[in-house]
Structure formats: C-alpha cells, structure tokens
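I have placed the structure first, in the form of structure tokens, so that the comments after it can refer back to it.
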Amino acid sequence: MAYSFWVNPIAGNGVAKQKWQKLQSYLNEQSIAYRVFYSDGPGAIENQLFQSTHDQVPVVIIGGDGTLHEALNGLLKNKTLNQTRPIAYISAGSGNDFARSHQLSDDPIQAFKRINRQIEQNNVILLDIGKCLDEQTSEVSYFVNNLGIGIDATTVAFANQSKIKRWLNRYHLGGFSYFLAIFQSLQQQDAFGAEVVLQDQKESYCTNNAFLITVSNQPYFGGGIKILPDASSVDGLFDIILVDRPKSLGRLIWLIGALLRGNHYRYSEVHHLKSARIGLRSETKEYSHLDGEVIPARKNLLYLSTIKYPFYI
Ligand SMILES: Nc1ncnc2c1ncn2[C@@H]1O[C@H](COP(=O)(O)OP(=O)(O)OP(=O)(O)O)[C@@H](O)[C@H]1O
C-alpha cells in the first residue's frame, strides 16, 4: 500500500512544510512508497477529497486543525465513497488543539511510526465528531474539535480581516494579530439572545446575555485554552459552555483568570452542559466558527449531533 499524504505547506506558518520535508527524507531512506498532495489554497484538500475515489487507503494529513477540518468535510461530503475512509494525522499547525487533546507526538517521524503500527494492527480509533445542520440552508458540515458562536468567532473574524495580519505572518508573528483582534472584538461583541436545546434531556437553556457559546468534542479551544476540562472525544456527548457577558471589564478579566486556572465552572456567568444532540439558536447576527474556520455573521439556527469517525493517531 502506498501512503497517501496531504500537506498544507502554510500550516503553522510553514512548520508543516518543514515537517513534511523531514518525513519525506525518512520515507525515501526506508524505501516506503507514498503519494503526496500539496494544498495550493484554502479548500484545496477538501475539494480534492470530496472528489476522491480511493475507498480504502487512509488519508495522512499534515497540517493544523483547519487542515484536519477540511479533510473531514471533504471525505464525509463525498457520496461516491462506499465506506468511511480513515484519517491519520500528523500535527503541524499553530494551535494544534486536536493534537494536544490526544497527546500526539510533535516529531513527524515518531508520529508516522505510530500511525504505521496502528494501520498494520488495524487499530483504528473511533472518535466523536460534530455534525452541524444549518436549518436555514439545509447545509451540513462537520467539526473535529469545536463549534463556537460569539466572542471567539468574532476575534478570529477580525484577525482574518486585519490588514496587518499578512505582514505579521511574514515575520512569523501571526499570533499577535489575534492579540490585537481581541481588543477590537471585546469592544464590538454585544451580548446576544440565544437558546440551547438539549434534545436528549428535553431541556432548554435561554439567555438574552450570551457572550460565548462553545460546543466541543474535546477540552481545548483557541490553541491550548482548556475551556471544557472534562470533555471526552469518545463518550458520544458534546460538552457545551455558555458564558454570559460579564457586567464589567474587571469581572471579565477575573473570569479569564479563572479560565486560565481551570476553575471557571464555579462562576455564575458560566454554564456547563452535556448532550449528544443540541439545537442552537442566536437571535441576532453573530459570527460563528467550526474548528477555527469562520462563518460570516448570521442569525444561527443549527442542529448539532455527534457521530463517530475512524482515525489512526
Ligand atoms: N496553499 C495554501 N495557501 C494559503 N492557505 C492555505 C493553503 N492551503 C490551505 N490553506 C488554508 O490554511 C488555513 C490554515 O491551516 P491550518 O488551520 O491547518 O493551520 P494553522 O492555522 O497554522 O493551525 P491551527 O488550525 O492548528 O491553529 C486553512 O484555513 C486552509 O484552508
């Protein structure tokens, strides 16, 4: 079997390209057969996998969470595949929340050796992923880490729009654009009306003061922030956090401190829920994101459910 590698060369500000070069030398030395596809722009890996016809061969992704997100969506939306094609993953992004939650090796050769063993032993792991149905457009998309509405999505949207981001990226300072965008989004993100319906429990949670809603398959978001400490990617459940807009800047800073210390659940603004199926509604136009990929501001009316997907990690 020839391995099928899918590389996003710009992930991790070029780290993915370096990791691939290191792994490629190893594969050549060991005479291991492979094919490689280099992503030449946003959506390229998703489109290519959407049209792929090789049912069996696992897809080995080298990139960050966004690249993994593209691969998952390309494969799951591909209706010509007769069976689910497993994803193997070598982390090479900036945030790497998926890799962090599964404690994956940072070294591409070690990561490949592990994947190789798992494939040989047919040791596939079924992980929870999120399926998101937009009830207004009937469009379906999938997320491997999390879906968010509110301040986190607004921050990523502002960072992406920022004129200086490209310039900062050139000097490997792209992360600084998020830091700047936080100040802009804190000024602009109003509290919004929202409803979270827990379909299994037949309960719902309503607020007119939402600031952040994150639905997650694993503990981390935003590049290492442990927002949902006890979330598990094998329990078949989403962990959901809903944070009300704090009353003052002081309270907001206090809450951020609690989040970084990991004891934020105890505060009155923070609501933690679990369910396998969720209805999610925002009354006003709000930015949202799936695995950090931003969706323009809109009124959200979403139906989310967990499904299982096979991985070699
Ligand atoms: N050739 C390319 N040029 C520019 N952008 C690309 C290219 N190929 C893919 N992309 C886009 O690059 C974006 C970033 O990729 P990815 O999220 O994997 O890396 P990252 O942001 O460094 O890592 P993380 O998501 O873990 O923080 C994705 O949105 C993807 O669509």
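Bear in mind that the values here come from a model prediction, so they are computed numbers and not experimental data. Atoms within a ligand are numbered from 1 in the order they appear, just like the ligands themselves.
- No side-chain donor-acceptor contact under 3.5 Å links Asn96 to the backbone of Ser91.
- In terms of polar-atom proximity, defined here as any N/O pair under 3.5 Å, Gly66 does make such a contact with ligand 1.
- Within ligand 1, the atoms closer than 4.0 Å to a non-hydrogen atom of Gly93 are 22 (O), 23 (O), 26 (O), numbered from 1 in the order shown.
- When only non-hydrogen protein atoms are considered, atom 18 (O) of ligand 1 lies nearest to Thr67 OG1, 2.4 Å.
- By the criterion of a heavy-atom distance under 4.0 Å, neither the backbone nor the side chain of His69 is placed next to ligand 1.
- Closest protein heavy atom to atom 24 (P) of ligand 1: Gly95 N, 3.4 Å.
- The shortest separation from a heavy atom of Ala44 to ligand 1 is not under 4.0 Å, leaving the residue out of contact.
- Heavy-atom contacts of Ser39 reach the following atoms of ligand 1: 1 (N), 7 (C), 8 (N), 9 (C) (cutoff under 4.0 Å).
- In this model, no donor atom of one side chain and acceptor atom of the other lie less than 3.5 Å apart for Asp152 and Tyr287.
- Residues Asp107 and Lys19 are not paired through a salt bridge, judged by the lack of any N-O separation under 4.0 Å between the basic side chain and the carboxylate.
- Residue, atom and distance of the protein heavy atom nearest to atom 4 (C) of ligand 1 are Ile10 CG1, 3.7 Å.
- In this structure, Asp291 contributes its side chain and Gly66 its backbone to no donor-acceptor pair below 3.5 Å.
- The Glu70 neighbourhood of ligand 1 comprises atoms 30 (C), 31 (O), with distances under 4.0 Å to a heavy atom of that residue.
- Remark: the backbone N or O of Asn146 is not paired with any side-chain donor or acceptor of Ser216 at under 3.5 angstrom.
- For the side chain to side chain donor-acceptor pair (under 3.5 Å) with Asn145, the lone residue among Asp65, Asn217, Thr214 that qualifies is Asp65.
- Residue contacts with ligand 1: Ser94 is placed with a nitrogen or oxygen under 3.5 Å of a nitrogen or oxygen of the ligand (distance criterion only).
- Taking any N or O of Gly12, backbone or side chain, at least one lies under 3.5 Å from an N or O belonging to ligand 1.
- Near Gly43, meaning under 4.0 Å from one of its heavy atoms, ligand 1 places the atoms 31 (O).
- Checking only distances, Asn96 does come within under 3.5 Å of ligand 1, N or O to N or O.
- Here Asn8 has side-chain heavy atoms under 4.0 Å from ligand 1, and that is the only part of it that gets that close.
- Aromatic pair Phe37/Trp20: ring centres not closer than 6.0 Å.
- Under 4.0 angstrom from ligand 1, the non-hydrogen atoms of Asp40 all belong to its backbone.
- Aromatic ring centres of Phe192 and Phe211 lie farther apart than the 6.0 Å criterion allows.
- Looking at ligand 1, you won't find any N or O of Gly63 less than 3.5 Å from one of its N or O atoms.
- A ring-ring contact (aromatic ring centres under 6.0 Å, His included) with Tyr89 is found for one member of Phe98, Tyr312, Tyr309 and no other, namely Phe98.
- Around atom 19 (O) of ligand 1, the closest heavy atom drawn from Ser91, Ala11, Ala71, Ala16 belongs to Ala11.
- In terms of protein heavy atoms, atom 29 (O) of ligand 1 is closest to Glu293 OE1, 2.9 Å.
- Remark: Arg245 does not engage Glu269 in a salt bridge, criterion side-chain N to carboxylate O under 4.0 Å.
- Here Phe143 and His69 keep their ring centres 6.0 angstrom or further from each other.
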